Amino acid sequence: MRIKTVEAWWIKIPIEASRQHRSDFGRLTTFDSAILRIETDDGIVGWGEGKNAAGSSGTYGTLVHMINHEIGPKLIGRDPADISTIWEMLYNGVRHETAANSGHAMPEIARRGLSVAAISAVDIALWDILGKSLGVPVWKLLGGRKADRLPAYASGGWESVDRIGEQLRSYIAAGGFKSVKMRVGAMDRALHVSASRVRAARKAIGPDVDLMVDAHGTYTVAEAKRFIQMVADCDLAWFEEPVIADDKPGMAEVRAAGNVPIAAGESEATRFAFRDLAMLRAADIFQPDPAFCGGITEAMRISSLASAFNLRFAPHLWAGAPCFFSGLHLCAASPASFIIEYSLGANPMIHDLVEDTVSVKDGMVEIPDRPGLGFTINQRVLETHAQRQ
């Protein structure tokens, strides 16, 4: 079995006006991602996804061009089952053979960002192919699953102080969620506004539903510490990305200043960044995004780091179907996982791009049993919204 074709598209699916929301990213009018198709010479197709932004907050022309014209040609004729070897080859670049022989990484200078996003797309597609070729779901290849259903949390929460409670209660009603997450930070323009919204949310959902908050890294260290004090009576399950990911010592300072667990990692790429988070005691919960951190291969390594440091693993899954399904398999196999992110904002990249129904019942999401990642791409939607670079 050899790789025959590699093709990626910038998929841009409009969000109907009534379901659009505004956050610190601005108003999200479309859901965008780089979707990759790899086909082998015996006709097996694997699907992958690479990301460099959330929703419609970024563009994908450069990433798609990189996959199609720089990375794709290197993959033709390779055995798609050589997943880790291909990962290291793409990460280390021209010195990959020397790195392999020496037993340590010798990566190219521009190894993070778009480069790792492209590797992520390839890696996810290769795992999909391997599972399909062997007739087993990816979680079985990762070591098995610990349950056929796992808890999910409703991810959304942008409404104003007088409507946030209603919005979060609608999430709970929609899927029986026991945990909900809302956005705070720069979108509110003032700490007291975010704090008021959080207090309103807690009052509306009561004490028995876990409440998480996500600042998208928009606070300073001082602001994040003040915010924790202002919502100290709200029993937060975690405080996500309190400060910019580039300031890991600052995040550690925020964590040490309060008793709210810190979740972080959606802006981080590779196990090396998560090693630093662990060593600095900067986070309690690792949240790698499979479509940005380095794919399933790297996310599983990150999950092992979380387990080794007695931390928890809850990947960032505000994404398209290949990334989301990757997260399901990773959480099923990881001993450190405990909950799955489920977008309650408009997400046609999950619900329209695949023919399968992705839903939550009684706060639980099912882990796929089908070979590979376990979804079928809707070709009509793909062709309608694809923009090849």
Side-chain angles (χ1 to χ4, degrees), residues 6-16 19-21 25 28-38 45-64 66-68 114 116-129 138 152 155-156 266-267 287-296 299 315-331 340-360 365 368 370 372-389:
V6 178
E7 186 171 18
W9 303 269
W10 175 359
I11 307 298
K12 189 182 186 76
I13 305 179
I15 298 173
E16 58 187 277
R19 300 202 64 201
Q20 294 174 8
H21 70 266
F25 294 122
L28 299 189
T29 59
T30 61
F31 210 110
D32 301 41
S33 197
I35 300 297
L36 170 64
R37 181 185 188 273
I38 296 181
V45 173
W47 295 95
E49 178 178 0
K51 289 172 56 183
N52 59 259
S56 59
S57 61
T59 59
Y60 283 85
T62 303
L63 176 56
V64 169
M66 177 185 291
I67 294 171
N68 285 330
L114 294 186
V116 175
I119 294 172
S120 302
V122 170
D123 187 81
I124 290 170
L126 294 183
W127 279 103
D128 193 24
I129 288 172
V138 167
S155 182
E266 70 178 72
S267 301
Q287 297 179 299
D289 188 309
F292 179 72
C293 76
I296 292 172
H316 178 254
L317 301 178
W318 192 275
C323 179
F324 178 79
F325 276 78
S326 295
L328 295 182
H329 291 269
L330 285 161
C331 287
I340 291 168
E341 180 173 26
Y342 187 88
S343 165
L344 262 292
N347 190 338
M349 198 64 71
I350 290 180
H351 301 292
D352 297 347
L353 188 61
V354 297
E355 297 180 0
D356 315 81
T357 300
V358 181
S359 60
V360 173
V365 61
R370 293 165 55 193
L373 291 175
F375 64 82
T376 301
I377 286 285
N378 186 319
Q379 291 291 340
R380 180 187 59 79
V381 172
L382 180 76
E383 293 167 6
T384 299
H385 302 292
Q387 305 177 51
R388 196 181 190 284
Q389 304 298 310

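For clarity, every value in this text was computed on a predicted model and none was experimentally measured. Values below: all heavy atoms of this structure, side chains included; hydrogens, waters and symmetry mates excluded.
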- Query: Minimum heavy-atom separation for S326 to I296, with atom names?
  - Reply: OG-CD1, 3.5 Å
- Working to the nearest 0.5 Å, report the span between CD1 of I13 and OG1 of T29. 12.5 Å
- Item | Nearest non-hydrogen partners of G374 and D356, listed with the distance | O-OD2, 4.0 Å
- Quick one: pull up CG in N52 and OG1 in T62 and give me the separation to the nearest 0.5 Å. 8.0 Å
- Set of side-chain hydrogen bond (donor to acceptor under 3.5 Å, both in side chains) partners for S267, sequence neighbours left out: E241
- Item | CG on L63 to CG on D32, rounded to 0.5 Å | 12.0 Å
- Among pairs that include at least one residue of residues 320-330, which meet salt bridge (charged side-chain N to carboxylate O under 4.0 Å, His left out), considering only residues two or more places apart or in two chains? none
- Query: When rounded to the nearest 0.5 angstrom, what distance separates CD1 in I38 from CD in E7?
  - Reply: 11.5 Å
- What are the two closest heavy atoms between M349 and F31, and how far apart are they? CE-O, 3.0 Å
- Which residues share a salt bridge (Lys or Arg N to Asp or Glu O under 4.0 Å) with D352, sequence neighbours left out: none
- For D128, salt bridge (Lys or Arg N to Asp or Glu O under 4.0 Å) partners two or more places apart: K132
- Sorted by chain and residue number, the side chain to side chain contact (heavy atoms under 4.5 Å, CB included) partners of E16 (sequence neighbours excluded) come out as S18, R19
- Nearest atoms (heavy-atom pairs only) where L330 meets P290: CD1-CG, 3.8 Å
- Sequence-distant partners of F325, side chain to side chain contact (heavy atoms under 4.5 Å, CB included), two or more places apart: A321, L328, V358, P368, L373, F375
- Query: What do the steps show when you test W10 against T59 for side-chain contact (heavy atoms from CB on, under 4.5 Å), and what is the final call?
  - Reply: CA-CA 8 Å; W10 175 359; T59 59; 3.7 Å; yes
- side-chain hydrogen bond (donor to acceptor under 3.5 Å, both in side chains) with Q287: which residues, sequence neighbours excluded? E240
- Task: Provide the closest heavy-atom pair for S33 versus G50 in the form atom of the first, atom of the second, distance.
- Result: OG-O, 3.5 Å
- Query: Partners of W127 by side-chain hydrogen bond (donor to acceptor under 3.5 Å, both in side chains), sequence neighbours excluded?
  - Reply: D123, T297
- Residues which pass side chain to side chain contact (heavy atoms under 4.5 Å, CB included) with E355, listed by chain and number, not counting sequence neighbours: T376, N378
- Note on the structure: Smallest heavy-atom separation, P348 atom then I15 atom, equals CD-CG1, 4.2 Å
- Message: Rounded to the nearest 0.5 Å, what separates atom CG in L317 from atom OG in S155?
- Response: 9.5 Å
- How far apart are the C-alpha atoms of E341 and W318, what are their side-chain angles, what is the distance that settles it, and do they pass the side-chain contact (heavy atoms from CB on, under 4.5 Å) test? CA-CA 7 Å; E341 180 173 26; W318 192 275; 4.0 Å; yes
- How many angstroms lie between atom CH2 of W9 and atom CZ of R37, to the nearest 0.5 angstrom? 6.0 Å
- Task: Please identify each residue that fulfils side chain to side chain contact (heavy atoms under 4.5 Å, CB included) with A319, with sequence neighbours left out.
- Result: E49, K51, C323
- Message: Once ring-ring contact (aromatic ring centres under 6.0 Å, His included) is applied, do any residues pair with F324, and if so which ones, sequence neighbours excluded?
- Response: none
- Any donor and acceptor pair, going by atom type alone, linking the side chain of Y60 with main-chain N or O of I35 inside 3.5 Å? no
- H385/T30 under side-chain contact (heavy atoms from CB on, under 4.5 Å): CA gap, chis, key distance, verdict: CA-CA 11 Å; H385 302 292; T30 61; over 6 Å; no
